[in-house]
Protein chains: 2
Amino acid sequence: MNSAVPLTPIVHPDRGELTIEALLRALADPVRLAIVRQVANTEGEVACGAFDVPVTKSTLTHHLGILRQAGVLASRQDGTTRYNSLRRNDLDVVFPGLLDAVLAAPHNA
Amino acid sequence: MNSAVPLTPIVHPDRGELTIEALLRALADPVRLAIVRQVANTEGEVACGAFDVPVTKSTLTHHLGILRQAGVLASRQDGTTRYNSLRRNDLDVVFPGLLDAVLAAPHNA
DNA sequence: CACGTTGTTCGATGGCTGTCGTAATACGAA
DNA sequence: TTCGTATTACGACAGCCATCGAACAACGTG
């Protein structure tokens, strides 16, 4: 098992490519912020289909791509399911304290 | 002197009205991020005309309004000039560590 | 193989928003 | 009051982007 054959190879920017601007833009969307919170509140990984978001699957794919491109999420393919995890270590190195501050912020209001 | 008579009253949201989403959206723009950095690197206030940004004055006004509405900037009118300052205390209370993390981030990449 | 599941890709669309130029407003000085 | 300065207000416009539906692709199972 674990054949891992995505149609398009999954690319992850490395630490040196991360920018504060792309990160802020990625986190500034309500749907994406919800995604990040759900991943953060989950021990380990979250499958794409397991997210509780008020959008279509195609839109969800779009948001996950942006979060991955911004360096927020790492994705791993296993069969037909794609597992997402937070790149917490990398973010903490490049932008110390930022992710924690965002996650600690009041949810709405 | 110090007549302070703006055409439209300057409104500032209080702490309870600040949202992480509006804050992130406000900071996610390159021009606005530059504005925030310039205010943060200046002791005290910065007049509207003193900002070094690659946009027209009308566009600058627009960005300052968004930053004010998001609770990032406080504006004070003195004669014809409007002085802007960071609402550092308020931001630190509502979103602890966020502003510092953003300001500490690498300028570009 | 046939089917259902998972997730992506593609094209289209509507709305938001960053941008500008111009006009208008307020103030201070001459 | 007349001028110059500082800044905002008002349209208008273009580009981006979140959203969707439908089609496609890869995998697992019966």
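For clarity, every value in this text was computed on a predicted model and none was experimentally measured. All values below come from the heavy atoms of this structure, side chains included, with hydrogens, waters and symmetry mates left out. Chain identifiers are assigned alphabetically (A, B, ...) following the order of the sequence lines, protein sequences preceding nucleic acid strands; residue numbering begins at 1 within each chain.
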S.K.: Taking only residues at least two apart or on different chains, which pairs with a member in residues 93-105 of chain A satisfy salt bridge (Lys or Arg N to Asp or Glu O under 4.0 Å)?
M.R.: A/Arg88-A/Asp100
S.K.: Taking only heavy atoms on the protein side, list every residue of residues 36-45 of chain A lying under 4.0 Å from any atom of DNA chain D, sorted numerically.
M.R.: none
S.K.: Quick one: list whatever passes side-chain contact (heavy atoms from CB on, under 4.5 Å) with B/Glu21, sequence neighbours left out.
M.R.: A/Pro30, B/Thr19
S.K.: Using the side-chain contact (heavy atoms from CB on, under 4.5 Å) criterion, which residues pair with A/Thr59? Sequence neighbours excluded.
M.R.: A/Val55, A/Thr56, A/His63
S.K.: List in chain and number order the residues that pass side chain to side chain donor-acceptor pair (under 3.5 Å) with B/Arg25, two or more places apart in sequence or in another chain; answer none if no residue qualifies.
M.R.: none
S.K.: In whole Å, I'd like the distance from the CG atom of B/Leu64 to the C1' atom of C/dG18.
M.R.: 14 Å
S.K.: What residues, two or more places apart in sequence or in another chain, satisfy side chain to side chain donor-acceptor pair (under 3.5 Å) together with B/Thr81?
M.R.: B/Tyr83
S.K.: Quick one: CG on A/Leu103 to CG on A/Asn41, what's the gap to the nearest 0.5 Å?
M.R.: 7.5 Å
S.K.: What is the separation between atom CG on A/Leu60 and atom P on D/dA18, rounded to the nearest whole Å?
M.R.: 13 Å
S.K.: Would you call B/Cys48 and B/Asn84 a side-chain contact if the rule is heavy atoms closer than 4.5 Å?
M.R.: yes
S.K.: Once you round it to whole Å, what is the distance between C1' of D/dA6 and CD of B/Gln77?
M.R.: 9 Å
S.K.: Among D/dG21, C/dC20, D/dA9, find the nucleotide with the atom closest to the side chain of A/Thr56.
M.R.: D/dG21
S.K.: Report the distance from atom CD1 of B/Ile10 to atom P of D/dA6, rounded to the nearest whole Å.
M.R.: 17 Å
S.K.: Could you state the CD-P distance from A/Glu21 to D/dC17, rounded to the nearest angstrom?
M.R.: 11 Å
S.K.: Give every pair of a protein N or O atom and an N or O atom of nucleotides 1-6 of chain C that lie under 3.5 Å apart, one pair per line with the distance.
M.R.:
none

S.K.: Rounded to the nearest Å, what distance is computed from the CG atom of residue B/Leu67 to the P atom of nucleotide D/dT7?
M.R.: 16 Å
S.K.: Between B/Thr59 and A/Thr61, which is nearer to the 5' end of DNA chain C once each is assigned its nearest nucleotide?
M.R.: A/Thr61
S.K.: Kindly state each residue pair satisfying salt bridge (Lys or Arg N to Asp or Glu O under 4.0 Å) with at least one member in residues 41-50 of chain B, sequence neighbours excluded.
M.R.: B/Glu45-B/Arg76
S.K.: Listing request: all salt bridge (Lys or Arg N to Asp or Glu O under 4.0 Å) pairs with a residue in residues 26-41 of chain A, at least two apart in sequence or in separate chains.
M.R.: none
S.K.: Going by salt bridge (Lys or Arg N to Asp or Glu O under 4.0 Å), name the residues that satisfy it together with A/Arg68, two or more places apart in sequence or in a different chain.
M.R.: none
S.K.: Mind checking what makes side-chain contact (heavy atoms from CB on, under 4.5 Å) contact with A/Pro13, not counting sequence neighbours?
M.R.: A/Glu17, A/Leu18, A/Arg87
S.K.: In whole angstroms, how far is the C1' atom of D/dC27 from the OH atom of A/Tyr83?
M.R.: 12 Å
S.K.: Could you run down nucleotides 10-17 of chain C 5' to 3' and tag each one B, S or - for protein heavy-atom contact under 4.0 Å?
M.R.: -------S
S.K.: Rounded to the nearest angstrom, tell me the gap between atom NE2 in A/His63 and atom C1' in D/dC20.
M.R.: 11 Å
